[in-house]
2 protein chains.
Amino acid sequence: MRIGQLARSVGVDTQTIRFYEREGLLPPPDRQDNGYRIYTERHVERLAFIRRCRILELSLAEIHELQRYQGAPHQPCRAINTLLDDHIAQVRSQITDLQVLEKQLVSLRASCNDDREIEACGVLDGLSEGSMQ
Amino acid sequence: MRIGQLARSVGVDTQTIRFYEREGLLPPPDRQDNGYRIYTERHVERLAFIRRCRILELSLAEIHELQRYQGAPHQPCRAINTLLDDHIAQVRSQITDLQVLEKQLVSLRASCNDDREIEACGVLDGLSEGSMQ
DNA sequence: TTAAAACCATATAGCCACTATAAGGTCAAT
DNA sequence: ATTGACCTTATAGTGGCTATATGGTTTTAA
Ligand SMILES: [Zn+2]
Ligand SMILES: [Zn+2]
Ligand SMILES: [Zn+2]
Ligand SMILES: [Zn+2]
């Protein structure tokens, strides 16, 4: 199949497929005489794997690492589990950071109501004075 | 004061200050005969304002907008409050997204324990098969 | 049969908010 | 006279795409 069909069947843009190839995440496929890329079912699976990883916001580097593990099926899988644990820890830390941020923003917002002049806006005041944490 | 002292007094890199100037967030300061930038207390306040906004993860575009409002002190401040409301909404949406992500990741992680071979790794299996949402 | 539409190719730049590097000019102290 | 700390500009890199430009190829329809 050509790149357009692969793109449609996995739900990505053709540019993204070429990008993954350049980054070494998708093996370079054979070419037709006219230079068009020709993909197989294995490419479909490989691309779908990448996409599922990306939905979970694994980085391309992490996906690369997972692909290397796939090439050594008889090694222990601890490294994979650890990779995921680290990723989960990072997501949790992001959530925590954003929750702190949300509190700060809500508190700032509470210092103003509508119908003031900008001169007296509590939000702008809070940002202008150093009364922030 | 010169750029290094400004940088130290606000806690940013000198490069960042020049970057803000290029982006139109900091007004271009006067120059000494040798070309060195000379800053005033107003620049300190202005830069500190930007930094407080950035800590709240307001974008440079949003900060720019706030600066424009500062120039019109007798207009109603509703636009400012709305800007903040929108930003809060976006932070909340990020939190929600990350919480969904965390659940998916934890569920995937639960499908494996350590001491398996990669061949049998539940995490890799979950990523390889289409049993994901 | 030919002309348009859809597809493919490469190369390059843009997004965001910086950060790093290179190559060089200026100034004070040793 | 030289070191070191400071300043200048210009350029490239980060991540994961996405958009644009330019041109070749294939398919479809008038
Ligand atoms: Zn990760
Ligand atoms: Zn207000
Ligand atoms: Zn925002
Ligand atoms: Zn495992």
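Residue numbers begin at 1 in each chain, while the letters A, B, ... track the order of the sequences.
No chain of hydrophobic side-chain contacts below 4.5 Å, direct or via other Ile, Leu, Val, Met, Phe, Trp or Tyr residues, connects A:L6 to A:Y36.
Paired with A:L127 under the rule side chain to side chain contact (heavy atoms under 4.5 Å, CB included), one option of B:I80, B:L84, B:L66 passes, and it is B:L66.
We find that OH of A:Y39 is positioned 16 Å from P of C:dC7, with the value rounded to whole Å. To the nearest angstrom, C1' of C:dA9 lies 14 Å from CD1 of A:I17. Remark: C1' of C:dC7 and CD1 of A:I38 are 12 Å apart, rounded to the nearest angstrom. We find that CD of A:Q90 is positioned 13 Å from C1' of D:dG15, with the value rounded to whole Å. Atom pair A:E21:CD and C:dC8:P shows a separation of 14 Å (rounding to whole Å applied). Taking atom CZ of residue A:R31 and atom P of nucleotide D:dT26, one finds them 14 Å apart after rounding to whole Å. The separation between B:D33 atom CG and D:dC7 atom P is 17 Å, rounded to whole Å. Whole-Å rounding puts the A:R18 CZ to D:dT18 P distance at 13 Å.
The overall bend of the helix from C:dT1-D:dA30 to C:dT30-D:dA1, read as the angle between its terminal helix axes built from five base pairs each, is 30° when rounded to 10 degrees.
Every salt bridge (charged side-chain N to carboxylate O under 4.0 Å, His left out) that A:R92 has, sequence neighbours left out, goes to B:E102. Residues that satisfy the salt bridge (charged side-chain N to carboxylate O under 4.0 Å, His left out) test with A:E21, not counting sequence neighbours, are A:R37. Every residue was checked against the salt bridge (charged side-chain N to carboxylate O under 4.0 Å, His left out) condition with A:R54, not counting sequence neighbours, and none meets it. B:D30 meets the salt bridge (charged side-chain N to carboxylate O under 4.0 Å, His left out) test with no other residue; sequence neighbours excluded.
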*Which letters describe nucleotides 16-30 of chain C, given B = protein heavy atom under 4.0 Å from base, S = only from sugar-phosphate, - = neither?*
-BBSBB---BBS---
*Yes or no on side chain to side chain contact (heavy atoms under 4.5 Å, CB included) for B:V44 and B:Y39, after CA distance, side-chain angles and deciding distance?*
CA-CA 8 Å; B:V44 178; B:Y39 293 97; 5.9 Å; no
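Of all nucleotides listed (C:dC7, D:dT8, C:dA9), D:dT8 comes nearest to the side chain of B:I3.
Using a distance-only test at 3.5 Å, with no hydrogens or angles considered, no donor-acceptor pair links the side chain of A:H87 to the main chain of A:E62. In this structure a side-chain-to-backbone donor-acceptor pair under 3.5 Å is missing from B:R109 to A:D85.
An OP1 or OP2 oxygen of D:dC7 is reached within less than 4.0 angstrom by no side-chain nitrogen or oxygen of B:R37.
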